[in-house]
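In this text the structure is predicted, and so the values were computed from the model without any measurement.
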There are 2 protein chains.
Amino acid sequence: MSQSQLELRHLKTLLALAECGSVSQAAKRVFLTQSALSHQLKALEDHYGLALFERKTQPLRFTPAGERLLALAREVSALVAGAERDMARLREGEAGELRIAVECHTCFDWLMPAMDAFRQHWPAVELDIVSGFHADPVGLLLTRRADLAICSEAEAQDGVVYQPLFAYEMVLIMAKDHPLAAKPVWQADDLASETLIHYPVPDVMLDLVRKVLKPAGVNPARRTSELTVAIIQLVASRRGVAAMPFWAVKPYLDRGYIASARIGDSGLQSELYAALRQDDAALAYMRDFLHTVREQSFATLPGLSVLA
Amino acid sequence: MSQSQLELRHLKTLLALAECGSVSQAAKRVFLTQSALSHQLKALEDHYGLALFERKTQPLRFTPAGERLLALAREVSALVAGAERDMARLREGEAGELRIAVECHTCFDWLMPAMDAFRQHWPAVELDIVSGFHADPVGLLLTRRADLAICSEAEAQDGVVYQPLFAYEMVLIMAKDHPLAAKPVWQADDLASETLIHYPVPDVMLDLVRKVLKPAGVNPARRTSELTVAIIQLVASRRGVAAMPFWAVKPYLDRGYIASARIGDSGLQSELYAALRQDDAALAYMRDFLHTVREQSFATLPGLSVLA
DNA sequence: GTAAAATAATGAAATTGCCTCATGATTGTA
DNA sequence: TACAATCATGAGGCAATTTCATTATTTTAC
């Protein structure tokens with residue numbers, strides 16, 4: 001009976017719902033419970049006296065009425081985002097500096113589109129990538145050689161805050177005709193006789209080594225390569241196996257170039273955080289950059305999950 | 001400290017504020033208290049860390065930040081209005097019938113623009129004006145010769161509901177060189193020796209006669225005319241005085257063609273209601289028509305006030 | 001210039017409405 | 001068929017918004 005009118009909150013929910021395809025997933029995306037969204041959607045349907053979705057399908061389908069509201073949501077949220085950016089610029093000015101230190105190679109896949117979008121919105125902010133791969137990107141922050149560091153762990157450090165970006169699963173990739181290609185889950189032991197292909201970085205930065213192989217005392221042969229496509233090629237050519245983010249290899253899996261398997265029974269989960277100097281955490285363009293990264297990434301990368 | 005995010009509610013407040021020029025007036029427009037709006041605006045300013053208005057002026061002025069949010073409000077509310085109309089059409093279909101019975105001559109001033117706007121949004125609804133001026137427009141409703149009646153009083157009647165439109169003040173107009181032209185307030189007695197010019201309708205439909213002259217036992221000479229401009233002409237030519245809605249004569253007052261006075265110490269307040277058959281009251285195009293009338297009228301007519 | 005009226009700000013109390021929790025129902029899947 | 005995942009629903013708690021009561025400020029009128 002609550003005749004509560006339409007609010008931006010509802011539109012945000014609709015957007016999340018369209019992206020996730022299920023109420024429970026969307027709930028995670030907007031940091032509410034499934035129950036909250038269920039109530040919210042029911043209220044919306046009551047308000048308009050129209051069904052907005054067909055619930056009995058997976059992913060759930062929008063009715064024409066739902067589509068109409070979704071279209072509104074897209075239009076409106078773009079306008080609101082623009083206005084809020086303008087408000088931030090009015091408050092803090094247009095200019096600033098944003099030098100990004102990157103620890104992982106694959107990060108470029110999602111970083112580039114996000115940086116492009118950001119550049120549109122903050123043309124006066126100097127955007128840079130700190131070249132080279134540093135074992136300690138957070139150190140660059142404190143020595144003021146970078147303003148933001150992408151890293152996979154949030155180790156407490158004075159004057160530094162960590163903002164969660166997203167979480168994803170690392171999968172093992174192998175040639176399609178690999179003897180174990182049909183095995184859905186690999187354990188550490190399965191890797192003992194394999195050649196592991198990875199980026200040329202220290203072991204501490206390789207989640208597979210640090211979290212799986214080392215604890216199990218397994219030490220396979222190694223081979224390194226700088227480029228993602230090169231690693232894929234090597235794997236497809238049966239020169240070894242590699243652990244890669246699911247979202248990075250999904251296109252190759254879809255095209256049937258390679259096969260993949262889960263690492264360990266519950267999978268190897270990886271997380272990404274952005275580290276900032278505490279003083280910079282409130283800067284509007286910083287917050288907007290992080291927001292853009294999340295938005296762009298969730299929109300384009302498959303299989304991401306939210307990170308509290 | 002409430003970091004509550006922007007909601008449509010806030011944007012509606014901003015629109016009302018821009019139209020009214022003061023917090024208390026805007027509060028009436030959105031059916032909240034002045035206090036509620038004051039809190040709401042403060043919360044908005046806190047949220048963005050920016051002043052949105054200069055308070056010390058009358059009417060209050062928007063800062064650049066306020067202007068930016070106001071611009072957003074205009075864009076968004078247009079989109080939302082369009083979407084909500086589409087939702088209504090999805091629910092109830094496009095077509096319908098809307099024959100309007102009008103009791104007062106001046107109503108055409110605001111009815112025409114509203115009808116034009118409505119026609120854009122509901123092209124499939126048959127829009128008509130029931131010709132002639134009927135003493136009992138509500139009767140036309142029950143005999144199904146009209147679907148909506150504009151009237152100045154809400155007399156309870158079975159099967160009929162009254163929706164408030166707006167309230168306004170009737171003023172007395174006279175020639176600029178009339179002996180009493182400088183008198184700011186006229187009483188009934190002042191009219192005893194005047195000629196009263198009015199539309200050719202029964203006395204019960206003339207608020208001045210019914211509410212002021214008859215109670216005071218004053219019965220001035222009369223003269224009638226069909227057209228508003230003709231009445232203005234007669235008044236300017238010293239052939240008599242007339243009672244007209246302020247919003248109808250404001251242009252002529254501004255140009256100095258005529259003078260005006262308040263009727264009675266507290267003014268002669270008039271109200272307008274739309275009467276509908278109870279069954280039709282929930283129809284989307286009916287509700288939208290009423291909404292359009294209010295919106296258009298408040299936007300274009302000076303001196304209106306809200307009617308609960 | 002002062003008094004009166006209108007308008008705005010503020011804090012506390014009260015209400016409303018939203019969210020979470022707990023649980024049951026439904027759908028899809030092994 | 002049973003299990004897992006997703007969704008629905010009602011009750012209860014809590015926080016955000018509104019109102020109320022009052023004070024402060026500005027505008028208007030004389």
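For L60(A) and dT26(C), the CG to P distance is 18 Å, given to the nearest whole Å. With rounding to whole Å, K28(B) atom NZ is found 16 Å from dT19(D) atom C1'. The distance from atom NZ of K12(B) to atom P of dT18(D) is 12 Å, rounded to the nearest whole Å. Rounded to a whole Å, the CD atom of Q40(B) is 13 Å from the P atom of dA9(C). Taking atom CG on L32(B) and atom P on dC20(D), their separation rounds to 12 Å, with Å as the unit. Protein atom CG of L37(A) is 20 Å distant from nucleotide atom P of dA5(D), rounded to whole Å.
Sorted by first and then second residue, the side chain to side chain donor-acceptor pair (under 3.5 Å) pairs involving residues 251-265 of chain A (not counting sequence neighbours) are E169(A)-R262(A), Q187(A)-D265(A), K250(A)-D254(A).
Taking only distance into account, the side chain of T33(A) never meets the base of dC19(C) through a donor-acceptor pair shorter than 3.5 Å. Applying the 3.5 Å distance criterion, the base of dG17(C) shares no donor-acceptor pair with the side chain of H39(A).
When distances run from any side-chain atom of S24(A) to the nucleotides dT9(D), dT6(D), dC18(C), the shortest one goes to dT6(D).
Recorded end-axis angle for the helix from dG1(C)-dC30(D) to dA30(C)-dT1(D) stands at 40°, based on five pairs per end and rounded to 10 degrees.
Residue Q34(A) places no side-chain N or O under 4.0 Å from the OP1 or OP2 atom of dT6(D). Remark: S38(B) is in phosphate contact with dA9(C), judged by side-chain N or O atoms under 4.0 Å from OP1 or OP2. An OP1 or OP2 oxygen of dA8(C) is reached within less than 4.0 angstrom by a side-chain nitrogen or oxygen of S22(B). Of the side-chain N and O atoms in R55(A), none sit less than 4.0 angstrom from OP1 or OP2 of dT26(C).
Base engagement by S35(B) is indicated by at least one non-hydrogen atom pair under 4.0 Å involving a base atom.
Seen from the ring of F298(B), R29(B) counts as a face-on cation partner, given the 6.0 Å and 45° thresholds.
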